[in-house]
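All ligand and atom numbering here is 1-based and tracks the order in the structure.
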Amino acid sequence: MDLPVLYDSCRTYRRFLQKPLEPGLLRTLVDVARKRSCGRNSQWLRFVAVEQPENVKAMQPLLHWAAALPKEIGTPKEGEQPVAFVVVAKPRNASPMISDIDLGIALDAMAITAWQKGVGSAILAAVDRKKIAALLEIPEDLEVNIVLALGYPAHKSTLVSGEEGKSLDYYVDGNRDYYVPKLPLEKVAEFK
Ligand SMILES: Cc1cc2nc3c(=O)[nH]c(=O)nc-3n(C[C@H](O)[C@H](O)[C@H](O)COP(=O)(O)O)c2cc1C
């Protein structure tokens, strides 16, 4: 599939089938991420791929979902939760601006690579960093930054046209399928 078309459906997914990822996928994701561009080729980022069932289960209460929705709608219930994670950490002394950009590049690369295989994801910044670090025994000199939650989606998510000055919050319908407003191209880009 053409990459722009693939990106259109590569949305945030928040409910998942309880079906394991294909073997080796997490390894592929972090392998892609580690080779992406990064400031001065410093390679600050460290990745913890979480797939052992006891760790996957222990991660669930440490994540905070869908701030724009009531908890009972936006938070995946048991039987809907992600089946794997990639936790991304970086050294406490990493250059903040550059390493944050590195982080975005790595996350997007993992998300689109997973999606190419039909695996949906959610980038989660609202996470209990200290508890995740303790659970996964992440060394003190690294700080947990962000979590990529993964699984085969159990809902749809559709792009809709957003309007400047109106709410850009995502919303759901009666099936808890998501709708995500995006501003029109002409509002966010100029061609000169
Ligand atoms: C940096 C970043 C942090 C995010 N943190 C969370 C989060 O903690 N919880 C959550 O449910 N979604 C989180 N999201 C997902 C966003 O809510 C989502 O990307 C946005 O609503 C647009 O939806 P889309 O990804 O389908 O375009 C995060 C996304 C990004 C890029």
At less than 4.0 angstrom from any non-hydrogen atom of A126, what atoms of ligand 1 do you find?
8 (O)
Against heavy atoms of V180, which atoms of ligand 1 measure under 4.0 Å?
22 (C), 23 (O), 26 (O), 27 (O)
So, regarding A67 and ligand 1 (criterion: nitrogen or oxygen to nitrogen or oxygen, under 3.5 Å), is there a contact or not?
no
Crowded around E72 CD? As in, over 12 foreign heavy atoms under 6.0 Å?
yes
Quick note on ligand 1: atoms under 4.0 Å from a heavy atom of Y170 include exactly 17 (O), 21 (O)
Judging by distance only, is a nitrogen or oxygen of I123 under 3.5 angstrom from one on ligand 1?
yes
Should R36 and D102 count as an ion pair when the cut-off is N to O under 4.0 Å?
no
Within a 6.0 Å radius of atom NZ on K77, are there more than 12 heavy atoms belonging to other residues, nucleotides or ligands?
yes
Using a strict 4.0 Å cut-off to heavy atoms of L124, name the atoms of ligand 1 that fall inside it.
5 (N), 6 (C), 7 (C), 8 (O), 9 (N), 10 (C), 11 (O), 12 (N)
Hey, does S157 come in under 3.5 Å of ligand 1, counting only N/O atoms on both sides?
no
Working to the nearest 0.5 Å, report the span between CD of E143 and CG of N93.
10.0 Å
Return the residue, atom name and 0.1 Å-rounded distance of the protein heavy atom closest to atom 12 (N) of ligand 1.
R14 NH2, 3.2 Å
Can you establish whether the number of heavy atoms outside Q116 located under 6.0 Å from its atom CD is more than 12?
no
Looking at ligand 1, does any of its N/O atoms fall within less than 3.5 Å of an N/O of A66?
yes
Does any N or O atom in T12 lie less than 3.5 angstrom from one in ligand 1, N or O only?
yes
When distances are taken from atom 3 (C) of ligand 1, the protein heavy atom at minimum range is A125 CB, 3.7 Å
Quick one: does D177's side chain have a donor or acceptor within less than 3.5 Å of a partner on K156's backbone?
yes
Any idea which protein heavy atom is nearest atom 27 (O) of ligand 1, and the distance to it?
R11 NH2, 2.7 Å
To which protein heavy atom is atom 9 (N) of ligand 1 closest, and what is the distance rounded to 0.1 Å?
H64 O, 3.0 Å
Answer yes or no: does atom CZ of R92 have more than 12 heavy-atom neighbours from other residues, nucleotides or ligands under 6.0 Å?
yes
Counting from 1 in the order shown, the ligand 1 atoms closer than 4.0 Å to a non-hydrogen atom of K182 are 22 (C), 27 (O)
Taking the cut-offs as 6.0 angstrom to the six-membered ring centre and 45 degrees off its axis, would you call R14 and Y170 a cation-pi pair?
yes
For E140, does the CD atom have more than 12 heavy-atom neighbours from other residues, nucleotides or ligands under 6.0 Å away?
no
